[in-house]
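What follows is a short report on a single structure.
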Amino acid sequence: MPAKLERTSGHVKLVQRQKGPVWYLRYRLPDGRHVKRRLGPAWTERTRPPGGFYTRKMAEAALRDVLTDASRGTLAGMHSTGVTFADAAAEFLRFVTESRKRDAVTVRDYRGVIDGYLLPEFGGQVLDAITADDIERYRDRLLLEGRLSARTVVRHLTVLHGIFKRAKRVYGLTHNPAAAELVERPQVVYTGEFDTFDREELDLLIGAAESAQDAAIYRVAAFTGLRLGELSALRWREVDFVGGMLHVRRNFTDGREKVPKGKRVRSVPMVPEVIDALGRLKEREHFTGDDDLVFCSVAGGYLGTWSLRQRFYKAIDRAGLRRIRLHDLRHYFGTQAVTMLDGFRVQSYMGHEHYSTTQRYLHHKPRPEDADALHQAFGGRGREGETGGRRRTSTIGSS
């Protein structure tokens, strides 16, 4: 006599999403696994639902069909693949490593997330047994413990999604419990807030620099807005003393050179302070050829960014200043440039791919003419005592 199957059970759940309410099915398979599956958008009107939408009765009918198939053993995906999460993660890393669509830095980030977080959490579990609820608990724990930012947690969920997506193709997995419609991504808020020095503080920092080269780096970063990787890759052939321009063509990060962030080369004007600082650096005894690095180690190679940051913090302490990041010197350029240049030119000089990134500097731009215009719009009085704005007349109660 065949073994009796365990009783299946489940329920429907209405979840509010940004684009509207959605029906989800939650049910338990005969082997004890719990499944959360998106059914489709909910229809809450009294009229007949359009195609693709579900009323509560339709959602409950769909659940009954699923439970019937599960009890009969005919439900797609109810039989385990037997593959562990660790196996699926290894296959995903193999795939992305061989893929030309991802560079080595991206793959290394994926590996760090998997080795440092996902394998300790899910590694020994059978892939089919991992549910959307398991992933939501993982997400919530990271956020509540404050171990990672919301932006980093989103990256973890993205890697999880990629692992399960690859497993669907390779191992025949029928669902992706890390899909965005099942596991809501935490909201990433970009406040646009940043901290940087003013001119007096910048001069104190430069005066406290450990070497002439470090002083030049701080000055060039603050007066050109170049990123640290762009400063590290800058060569003398890209310093145009005659034209007064710095040509930003390369970016050195993660041990290799590549095109600047945003994949665009650009040119930035040099103010006299930058020309003077680089001119003095050009007088050094070695490494002044066209192909030599402007900011280099004692052997002429790339600067060690870790040691550069440590010297930066020591200079801050010697100058008696509050701690900011070396990258925040770039913000000095943005906040000052926007007071005299239009936003699109600032975007071009800073190498921002999107104008929305540049807009965070715009609140530093003085707008006395806007204040005057609003003063007039709100009926303010001018110097001669006249009310600004359009004259309004009324006949109510007139004699």
Side-chain angles (χ1 to χ4, degrees), residues 103-113 116 148-149 151-152 155 194-197 201-202 204-239 246-266 268 274 277-278 280-282 284 286-288 291-319 321-334 349-353 357:
D103 58 28
V105 176
T106 301
V107 174
R108 190 175 68 198
D109 287 344
Y110 288 168
R111 190 180 300 278
V113 171
L148 301 173
S149 67
R151 183 177 183 180
T152 302
R155 187 161 71 246
F194 52 82
D195 190 14
T196 191
F197 291 149
E201 292 169 325
L202 182 62
L204 289 172
L205 171 70
I206 293 170
E210 190 170 304
S211 67
Q213 178 169 266
D214 282 355
I217 290 174
Y218 306 156
R219 193 180 295 276
V220 174
F223 286 112
T224 66
L226 267 64
R227 302 177 178 92
L228 179 56
E230 295 165 348
L231 292 166
S232 299
L234 188 67
R235 298 182 186 274
W236 285 114
R237 64 170 174 266
E238 293 151 353
V239 180
L246 279 183
H247 304 294
V248 185
R249 297 191 175 101
R250 305 294 289 171
N251 184 36
F252 181 77
T253 55
D254 299 302
R256 66 190 182 98
E257 273 196 33
K258 55 185 178 181
V259 295
K261 190 176 180 180
K263 297 181 173 54
R264 292 193 184 101
V265 299
R266 68 185 191 279
V268 183
V274 171
L278 294 180
R280 288 192 295 271
L281 208 58
K282 183 76 168 173
R284 67 192 179 197
H286 303 292
F287 312 122
T288 58
D291 292 330
D292 290 322
L293 294 168
V294 174
F295 305 111
C296 61
S297 67
V298 293
Y302 296 106
L303 283 174
T305 54
W306 184 86
S307 58
L308 176 61
R309 287 190 177 96
Q310 294 308 304
R311 295 195 303 274
F312 173 71
Y313 292 133
K314 289 179 181 178
I316 284 179
D317 292 341
R318 283 193 295 270
L321 300 170
R322 68 188 179 283
R323 285 233 171 171
I324 66 171
R325 301 171 303 164
L326 183 56
H327 180 80
D328 292 326
L329 295 181
R330 171 174 160 84
H331 295 317
Y332 178 81
F333 175 84
Y349 292 148
M350 297 193 73
H352 291 150
E353 186 173 4
T357 307

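We number each residue from 1, following the sequence as shown. None of these values were measured; they are calculated from a predicted model. What's counted below: heavy atoms across the whole structure, side chains too, no hydrogens, waters or symmetry copies.
Across every non-hydrogen atom of Y313 and I324, the tightest pair is CE2-O, 3.3 Å. Shown here for T253 and G229, the closest heavy-atom pair between the two residues is CG2-CA, 4.3 Å. Between E201 and L321, the closest heavy-atom pair is O-CD1, 3.5 Å. Nearest heavy-atom pair across T196 and R322 is O-NH2, 2.7 Å. A pairwise comparison of heavy atoms in A216 and F295 identifies CB-CE2, 4.0 Å as the closest pair. Summarising the geometry of A221 relative to L231, their closest heavy-atom pair is CB-CD1, 3.8 Å, with the distance given to 0.1 Å.
Counting only distance, with no hydrogens or angles, the side chain of R318 and the backbone of A208 share a donor-acceptor pair below 3.5 Å. No side-chain donor-acceptor contact under 3.5 Å links R266 to the backbone of V248. The main-chain N or O of A315 is never found under 3.5 Å from a side-chain atom of E210 such that the two would form a donor-acceptor pair. Distance alone, capped at 3.5 Å, is enough to place a donor-acceptor pair between the R227 side chain and the G351 backbone. Remark: the backbone N or O of V274 is not paired with any side-chain donor or acceptor of R219 at under 3.5 angstrom. Judged by distance alone, with hydrogens and angles left aside, the side-chain atoms of R330 form a donor-acceptor pair with the main-chain N or O of M350 at under 3.5 Å.
For the atom pair F312 CZ and I217 CD1, the distance stands at 11.0 Å (nearest 0.5 Å). The line from CD of E230 to OG1 of T224 is 8.5 Å long, rounded to the nearest 0.5 Å. A distance of 15.5 Å separates NZ in K282 from CZ in R280, rounded to the nearest 0.5 Å. For the atom pair CZ of R250 and CD of E238, the computed distance is 9.0 Å after rounding to the nearest 0.5 Å. One finds the CG atom of L234 at 8.5 Å from the CG atom of L293 (value rounded to the nearest 0.5 Å). Here I206 contributes atom CD1 and F197 contributes atom CZ; the two are 10.5 Å apart, rounded to the nearest 0.5 Å.
Looking only at side-chain heavy atoms (C-beta outward), L205 and I316 come within less than 4.5 Å of each other. Residues V220 and L246 form a side-chain contact, since some pair of their non-hydrogen atoms from C-beta on lies under 4.5 Å apart. By the 4.5 Å heavy-atom criterion applied to side chains, V259 and N251 are not counted as neighbours. L281 has its side chain within reach of W236: a pair of non-hydrogen atoms, C-beta onward, lies under 4.5 Å apart. Considering only heavy atoms from C-beta on, L326 stays 4.5 Å or farther from T305 through its side chain.
Taking a cutoff of 4.0 Å between a charged side-chain nitrogen and a carboxylate oxygen, R325 and D195 do not qualify as a salt bridge.
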Begin from the C-alpha positions of R323 and D317 and carry the test side-chain contact (heavy atoms from CB on, under 4.5 Å) through to its verdict. CA-CA 8 Å; R323 285 233 171 171; D317 292 341; 3.1 Å; yes
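Every residue was checked against the salt bridge (Lys or Arg N to Asp or Glu O under 4.0 Å) condition with D292, not counting sequence neighbours, and none meets it. Residues meeting the ring-ring contact (aromatic ring centres under 6.0 Å, His included) test with F333, sequence neighbours left out: none. Every ring-ring contact (aromatic ring centres under 6.0 Å, His included) that H327 has, sequence neighbours left out, goes to H331. Listed by chain and residue number, nothing satisfies the side chain to side chain donor-acceptor pair (under 3.5 Å) test with R155 (two or more places apart in sequence, or in another chain). For Y302, the ring-ring contact (aromatic ring centres under 6.0 Å, His included) partners at least two apart in sequence or on another chain are F252. Judged as a ring-ring contact (aromatic ring centres under 6.0 Å, His included), and not counting sequence neighbours, H352 has no contacts.
Sparse packing is recorded around NZ of K314, with 12 or fewer heavy atoms of other residues, nucleotides or ligands lying under 6.0 Å away.
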